[in-house]
Amino acid sequence: MRHYSLTAPAKINLYLEIIGDRADGYHELAMILQSINLADKVDLHVANTQTIRVFCDHPEVPTDESNLAHRAAVLMASNFPTAFSNFGGVDITVKKRIPVAAGLAGGSTNAAAVLVGIDLLWGLGLTQSQLEELGANLGSDVPFCIGGGTAIATGRGEQLSPLPSLNNMYLVLAKYKSLAVSTPWAYQSYREQFGTKYIKNHQDFNQRTKAVHGAEIVQAIAAQDVGGISHKLHNDLEKVVLPAYPQVLQLRELFGKQPEVLGTMISGSGPSVFAIVESKEHAETVKEKITVAINDSDLELFVTQTIGHGIQLETGH
Ligand code: C5P
């Protein structure tokens with residue numbers, strides 16, 4: 001086949017705990033990641049050249065070598081040089097629906113789609129864990145984005161343990177279009193403020209990482225208890241992102257005041273904020289109320305829901 005079209009869903013963090021510094025300069029994390037049905041479409045075409053090209057309809061998404069989707073294709077070409085010279089280059093077209101620089105893994109899920117798509121395009125037959133291993137070279141969230149669903153992520157975020165699928169939990173997601181938070185900035189600010197409290201002893205470090213498996217929110221997920229999940233949401237990065245971004249804090253507080261909202265939190269390093277609700281009707285009501293209350297065309301709101309998968313093939317021919 002010469003063309004594949006894939007769906008690349010966004011993720012939210014139901015839980016993000018920063019444990020300490022790693023030797024590689026990253027942070028040791030304990031997270032719970034969740035795919036949602038807000039998704040980009042990624043098309044891959046065999047090009048009759050030896051070049052990799054990225055096309056995107058979003059003005060803020062670079063299409064050069066810095067684009068993570070481009071880097072994913074380069075990684076595949078360098079790992080599988082024979083397939084690359086046999087099949088030639090790839091044209092990658094990304095139709096963006098996921099807000100950019102929002103803490104929703106938009107770039108990571110595009111890269112994950114490119115790994116899955118090129119594996120199909122070149123008939124490599126890689127396993128999911130081989131794809132995840134390749135993905136870890138591109139970014140901490142890329143491995144999760146491949147299989148998606150609901151999972152505990154530890155280490156840099158690349159060590160995954162699947163959790164029972166949390167299907168059809170309704171959410172309202174909000175993002176100011178003109179606001180972007182740099183993830184390196186958020187982690188660096190956290191380190192500057194809380195670094196002295198980081199766990200340094202190796203044994204405590206491991207214990208803390210393992211503890212997430214028994215956390216109350218994990219039990220609530222296993223029981224499909226939406227109320228329990230909503231009460232146990234946690235994200236350490238809120239401690240640095242909310243004080244630095246008053247608009248995000250205001251949005252978060254406004255969500256929290258709505259009687260329909262069961263729980264609210266920023267996703268990843270923000271600035272997107274999500275709110276968990278009981279039903280689609282409640283989601284529509286909350287979306288409407290927030291739209292009226294904030295009354296700013298810069299604010300984008302989505303009604304979305306949790307899904308049990310990551311990258312999915314739409315068509316191939
Ligand atoms: O892995 P990724 O490129 O998505 O990470 C973006 C940035 O977030 C890193 O450069 C680092 O500053 C920070 N980060 C971290 N610890 C992690 C994951 C990300 O400090 N486990």
Side-chain angles (χ1 to χ4, degrees), residues 8-35 40 60-62 64-75 94 98-115 131-148 151-161 180-200 202 205-206 208-212 234-241 244-245 266-272 310-311:
K11 66 88 185 140
I12 55 167
N13 297 74
L14 298 174
Y15 188 88
L16 192 162
E17 182 186 351
I18 299 176
I19 294 169
D21 268 323
R22 292 163 55 94
D24 60 10
Y26 282 73
H27 283 90
E28 184 75 11
L29 305 175
M31 301 190 284
I32 299 172
L33 304 175
Q34 173 63 57
S35 302
D40 292 341
E60 280 156 44
V61 174
D64 62 8
E65 300 80 32
S66 67
N67 185 303
L68 211 52
H70 193 285
R71 285 174 49 205
V74 170
L75 181 75
V94 181
I98 305 170
V100 178
L104 298 170
S108 299
T109 194
N110 295 166
V114 169
L115 297 180
L131 289 167
E132 286 171 0
E133 216 170 292
L134 285 164
N137 295 305
L138 298 164
S140 309
D141 290 334
V142 179
F144 169 77
C145 290
I146 293 168
I152 292 175
T154 54
R156 265 172 62 209
E158 87 291 7
Q159 286 169 32
L160 304 171
S161 309
V181 173
S182 147
T183 305
W185 168 84
Y187 279 101
Q188 187 49 32
S189 303
Y190 192 89
R191 183 182 278 125
E192 278 159 20
Q193 275 192 56
F194 303 102
T196 53
K197 294 189 192 141
Y198 282 3
I199 289 181
K200 301 212 166 61
H202 210 73
F205 210 83
N206 287 343
R208 189 78 171 267
T209 308
K210 284 198 190 114
V212 67
H234 177 83
N235 187 337
D236 276 332
L237 291 174
E238 284 204 330
K239 293 173 201 158
V240 290
V241 174
Y245 292 86
I266 66 163
S267 181
S269 55
S272 63
I311 305 304

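When a ligand or atom number is given, it counts from 1 through the structure's own listing order.
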#### Entry: Per-atom contacts, ligand 1 versus Gly139 - under 4.0 Å to a heavy atom
1 (O)
### Task
Using distance alone, with no hydrogens and no angle criterion, decide if Asp40 and Asn110 have a side-chain donor and acceptor under 3.5 Å apart.
yes
### Query
Taking the six-membered ring of Phe194, is the NZ or CZ of Lys239 close enough (under 6.0 Å from the centre) and on axis enough (within 45°)?
yes
### Message
Could you tell me, atom by atom, which parts of ligand 1 come under 4.0 Å of a heavy atom of Ser140?
### Response
1 (O), 2 (P), 4 (O), 18 (C)
### Query
What residue and heavy atom of the protein are closest to atom 9 (C) of ligand 1, and at what distance?
Tyr26 CE2, 3.8 Å
### Message
Can you tell me if Thr183 contacts ligand 1 (heavy atom of the residue under 4.0 Å from the ligand)?
### Response
yes
### Query
Where is the nearest protein heavy atom to atom 16 (N) of ligand 1: which residue, which atom, and how far?
His27 N, 2.8 Å
### Which segment of Tyr187 sits under 4.0 Å of ligand 1 when only heavy atoms are counted
side chain
### Query
Do Thr183 and Ser269 have side-chain atoms, one donor and one acceptor, less than 3.5 Å apart?
yes
### Query
At what distance, to the nearest 0.5 angstrom, does CE of Met31 lie from CG of Asp141?
5.5 Å
### Query
Going by the order shown, which atoms of ligand 1 are within less than 4.0 Å of some heavy atom of Leu29?
17 (C), 21 (N)
### Presence of salt bridge, Glu17 and Arg208, under 4.0 angstrom
yes
### Message
Can you report which non-hydrogen protein atom sits closest to atom 10 (O) of ligand 1, along with the distance?
### Response
Pro184 CG, 4.0 Å
### Closest non-hydrogen atom pair between Gly106 and Ile98, with its separation
CA-CG2, 4.0 Å
### Query
Looking at ligand 1, does any of its N/O atoms fall within less than 3.5 Å of an N/O of Arg191?
no
### Ring geometry between Tyr198 and His27 (parallel below 30°, tilted from 30 to 60°, perpendicular above 60°)
perpendicular
